[in-house]
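The next block holds one structure in the form of C-alpha cells; read it before the comments.
Only heavy atoms go into these numbers, but all of them, side chains included; no hydrogens, no water, no symmetry mates.
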Amino acid sequence: MAAVDRSLWQGIIQQVVSAGGNIIRPWFTQLEPISLDHGLLEIQVPGRKERDYCQRHAMRLFTEAAQAATGRLVGVCFLTQADAASETQ
C-alpha cells in the first residue's frame, strides 16, 4: 500500500473544490487519502452516509481531479474506517 504524498493530495482537493460547485460538502475537509496503489486512490470518509454520497455524487469529480494531479489514469474508491480495516485483514 503506497502512501499518498500530501502535496499531491492537496492538489487533488484544490481541484475538487474549484470544480465542485454545489457538490462540495463541509465534511469534505475530513476526507483523508489512504493509499494510491496500482492506479487506485482510496479515500477514507467519515461514515457510511458520506461514503454513499461520494459514490453517487462526487466519484467523477474526485476521479478527474486525481487524474489531473497525477497525469495518469486513476480510479477512486471511498471507504469508511471500518471498510478500510476489513480490507487490511
Exercise: identify the closest heavy-atom pair between V4 and L8: CG1-CD2, 4.3 Å
Test item: L31 and V45 side chains (from C-beta on) under 4.5 Å apart, heavy atoms: yes
Closest approach of A84 to L79 (non-hydrogen atoms, all atoms of both residues): N-CB, 4.3 Å
Basic-acidic side-chain contact under 4.0 Å: R6, E32: yes
From SG (C54) to NZ (K49), nearest 0.5 Å: 14.0 Å
same_hphob_cluster(L40, W9) at 4.5 Å side-chain heavy-atom cutoff: no
Minimum side-chain heavy-atom gap L36-D5 below 4.5 Å: no
Point-to-point distance, once rounded to the nearest 0.5 Å, from CD of Q44 to CD1 of I34: 5.0 Å
Spatial distance of atom SG (C77) from atom CD (Q55) [nearest 0.5 Å]: 8.5 Å
Minimal non-hydrogen separation, V74 against A66, with atom names: CG1-CB, 4.0 Å
For T80 against R48, the heavy-atom pair lying closest together: CG2-N, 3.6 Å
Spacing of CD1 belonging to I13 relative to OG1 belonging to T29, to within rounding of 0.5 Å: 9.0 Å
Separation between CD of E50 and CD1 of I43, rounded to the nearest 0.5 Å: 14.0 Å
Beyond-backbone contact of R72 with Q67, side-chain heavy atoms, under 4.5 angstrom: no
Donor-acceptor pair between D37 and S35 side chains, under 3.5 angstrom: no
Distance flag, aromatic centroids of F78 and F62, threshold under 6.0 Å: yes
Closest heavy-atom pair and its distance - G20, L61: CA-CD2, 3.7 Å
Side chain Y53, main chain A58, donor-acceptor under 3.5 Å: no
Separation between CG of N22 and NE2 of H57, rounded to the nearest 0.5 Å: 10.0 Å
